[in-house]
Amino acid sequence: MQLIRVLDNLLTNAQRHAESSVEVGVEPADEGVVVTVTDDGPGIPPAHRERVFERFVRLDEGRRRDPGGSGLGLAISRDIAHSHHGTLTVEDSPRGARFVLWLPLVSGGPGH
């Protein structure tokens, strides 16, 4: 259920900031799986990429597009990723924001 919440937060965030499209990718990587969510909106400046994971932080662009919201979704999502021994980051993208969720494979699970 927690991982569903992470995906919902990432997709909701991407949809809020996208100009016209959101792309989702899933692929194996480094003994785990990577889920990417990329939108074609204004993106997140490199100087603010860690700040968006702080509680109650909403960048000006986010407040302009959607005055509601608490600024907790990405912070909670990163906490959930860490509690599952994974990571959640923002990476460079030609356009828009690109969130990357990496989760390790579970021993004894499918694929083992």
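All residue numbers refer to positions in the sequence shown, counting from 1.
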Val37 versus Leu10, closest heavy-atom pair with distance: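 Closest pair (atom of Val37, atom of Leu10, distance): CG1-O, 3.8 Å.
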Least distance between heavy atoms, Pro42 atom then His17 atom: CD-O, 3.5 Å
Those residues that, when tested against Glu50, pass salt bridge (charged side-chain N to carboxylate O under 4.0 Å, His left out) (two or more places apart): Arg78
When the side chains of residues 79-91 are checked against the rest of the protein, which donor-acceptor pairs come out under 3.5 Å, sequence neighbours left out?
{"residue": "Asp79", "atom": "OD2", "partner": "Arg55", "partner atom": "NH2", "Å": "2.6"}
{"residue": "Ser83", "atom": "OG", "partner": "Ile80", "partner atom": "O", "Å": "2.8"}
{"residue": "His84", "atom": "ND1", "partner": "Ile80", "partner atom": "O", "Å": "2.9"}

Partner set under side-chain hydrogen bond (donor to acceptor under 3.5 Å, both in side chains) for Glu23, not counting sequence neighbours: none
side-chain hydrogen bond (donor to acceptor under 3.5 Å, both in side chains) partners for Arg49, two or more places apart: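 For Arg49, the residues satisfying side-chain hydrogen bond (donor to acceptor under 3.5 Å, both in side chains) (neighbours in sequence not counted) are Asp92.
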CZ (Arg5) with more than 12 external heavy atoms under 6.0 Å: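 Atom CZ in Arg5 is not packed in, count stays at 12 or less.
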Straight-line distance of Asp8 CG to Met1 CE, nearest 0.5 Å: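 Asp8 atom CG to Met1 atom CE measures 10.0 Å (nearest 0.5 Å).
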Separation of Asn9 CG from Ile4 CD1 (nearest 0.5 Å):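 Between atom CD1 of Ile4 and atom CG of Asn9 there are 12.0 Å.
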Single-linkage hydrophobic cluster, 4.5 Å side-chain cutoff, Val35 and Phe53 together: yes
Verify same cluster id: Ile44, Ile76 (apolar side-chain graph, 4.5 Å): yes
Where at least one partner belongs to residues 25-47, residue pairs that pass side chain to side chain donor-acceptor pair (under 3.5 Å), sequence neighbours excluded: Ser20-Asp40, Ser21-Asp40
Show the atom names and distances, to 0.1 Å, of all donor-acceptor pairs under 3.5 Å that link a side chain in residues 98-106 to residues at least two apart or in another chain.
{"residue": "Trp102", "atom": "NE1", "partner": "Ala29", "partner atom": "O", "Å": "3.0"}

